[in-house]
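Here the structure comes first, spelled out in structure tokens, and everything after it is commentary.
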Amino acid sequence: MATSPTLPDTIPVLIAGGGPVGLTLAALLARHGVRSLVVEADAGYCSGSRAICISRRSQEILWTAGAGEALSAKALPWTGGRSYWRDREVLHFRMPSEPTERFAPMVNIQQYHVEAFVHQALERAPELAQVAWSSRVTGLRPGPDGVRVEVEGPAGARAVQAGWVVACDGGRSTVREQLGLQLQGTQYEGRYVIVDIVQETERPVERLAWFDPPSNPGSTLLMHRQPDDVWRIDYQLRDDEDADEALKPENILPRVQSHLTMIGENAPWRLLWASMYNAKCLTLPSYRHGRVLFAGDAAHLVPIFGVRGLNSGLDDAANLAWKLALVVQGAAAEALLDSYSQERVHAARENIAYGAKSTEFMAPPDFAFRLMREATLRLAPDEPAVRSLINPRQSAPIAYPGSPLNGPQQGAWSSAQAEPGQPAPEALLQGAHGRLHLTQCFGTAFTCLVFGDGALPHALTDLATHGVAVLDIAPEADVHGQARARYGLPDPSATGLVLVRPDGYVMGRWRGLDPAPVLDCLRDKGLEP
């Protein structure tokens, strides 16, 4: 690990917490030219697999952050999974996927790899981002023009004056405690032991779940393959089991061995890491408190079932980075950051609602839920209609239908998939330099997608002078017809403009090729570049 830097006297953005969310936020801010300091209490990357499933949306974000190439080389892609009741398969699901897509719906990779890859990206821009390891925030004094932050590090205590503070310091956030804020919501009683083991296998990469398996009667057990021959195994404890006893190797090893034997995984194995988890559905009601903002687990805690925890945190970083950059650079008013809180609190509530449904199935909180689950599992082999109740509802990007940043939608459009507030749909294009995925064009600037019928009007090229990137999606470039179909203009003679935000969300749609409404929309939102 690199030596921690000498702490500066002042910094535009101080990020408390150097986990994957804090590091990704720093990397995205660097892409916008904004300096930040990450303060991390640990001496290096996390231990154990922790968050392991990275969604397609998160893969896009990590590519923008500069970690995508390393991630793709290491991670294990997957598209579906299987669930079993006792020794019978009751569900085989597949997530939407097609050969032309840029990324798999999900990849498995240990959290410490994600942290390392993003940190390596940061090290390529040392003038814009530094990480102070073995350092922690011990106090904050917010003011109207910034926040005075007390930091304790290897060289002692130091005060840093930050323009803005972003708390990415986890579920036990010191920043949240310093401000006297509390998460609100529900905490479930069901507990899971989380185990990493090393064992060679030729089994496909899938999400595997067993309900009441013969190897561990009465328990629920999950398995995911990870890089480096690592299995991640999660199994539920009975209500009467002691947590401290459950984490002792002499109690973990026989339960794991019993299950490996049952499924025919007979290669030698060894234990790497173990921890304890119970599901929480909690959020702050607001993620902005003056010049202090919250992201990731410091802002919300979402159940692991459906893998929304880290993925929602990375979405926080993508949403916040461009807005904070505009504010820091004086190109937008501070009120823009209120939209971060509005959009991401909405997303957290959506994720919590899905996560709660999954948790109630994976770890039933009472007898009625257990009865319902058993009835579903009994019926599932012969009744396809009930199998959807077993589906873990994997993470998906959350739309912002009520966002204050949503612009107008003028004229007739055939698809609701790209309405203002929706994640901009992916499409594979053919350009002068070969294949191009549309999401490769998002991440740092406002982008105007031009669906024309010929030569690009000169007035549209002037958008670039206002800082808006222009992407001409000519009919010959849309070789698969995906862009026009998904953005709502399947007729090749129809014309229209779609404005996409830096974080890859649709902001507005207009029929015709007049750029004036695009600039009017940005001005109305206080975002004129």
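A quick note: this is a predicted structure, and the numbers were derived from the prediction, not measured.
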Practice item. Indicate the ring-plane relationship of Y400 and Y505, choosing parallel, tilted or perpendicular according to the 30° and 60° boundaries. Key: parallel
Review point. CG of L122 to CG of L128: how many Å apart, nearest 0.5 Å?
Key: 9.5 Å
**Study point:** W133/Y45 aromatic ring centres below 6.0 Å
**Key:** yes
Revision key, fill the gap. Heavy-atom closest pair (E426 atom, L438 atom, distance to 0.1 Å) is OE1-N, 2.9 Å
Check your understanding: Is the Y487-W413 ring centre distance short of 6.0 angstrom?
Key -> no
Exercise for review: Over 60° means perpendicular and under 30° means parallel, so classify the ring planes of H300 and Y287, tilted if in between.
Suggested key: tilted
Review point. Less than 4.0 Å between a side-chain N and a carboxylate O, is that true for E343 and R501?
Key: yes
Check your understanding: Does the cation-pi check pass for R102 over W63, that is, NZ or CZ under 6.0 Å from the six-membered ring centre and within 45° of its axis?
Key -> yes
Check your understanding: Would you call D169 and R176 a salt bridge, using N to O less than 4.0 angstrom?
Key -> no
Practice item. In plain terms, say whether R288 and E334 are close enough for a salt bridge, that is, a side-chain N and a carboxylate O under 4.0 Å apart. Key: yes
Exercise for review: Go through the side-chain N and O atoms of W78 and N108 and say whether any donor and acceptor fall under 3.5 Å apart.
Suggested key: yes
Exercise for review: Determine whether more than 12 heavy atoms belonging to other residues, nucleotides or ligands lie under 6.0 Å from atom CD of E69.
Suggested key: no
Point to revise | R141 CZ: over 12 foreign heavy atoms closer than 6.0 Å | key: no
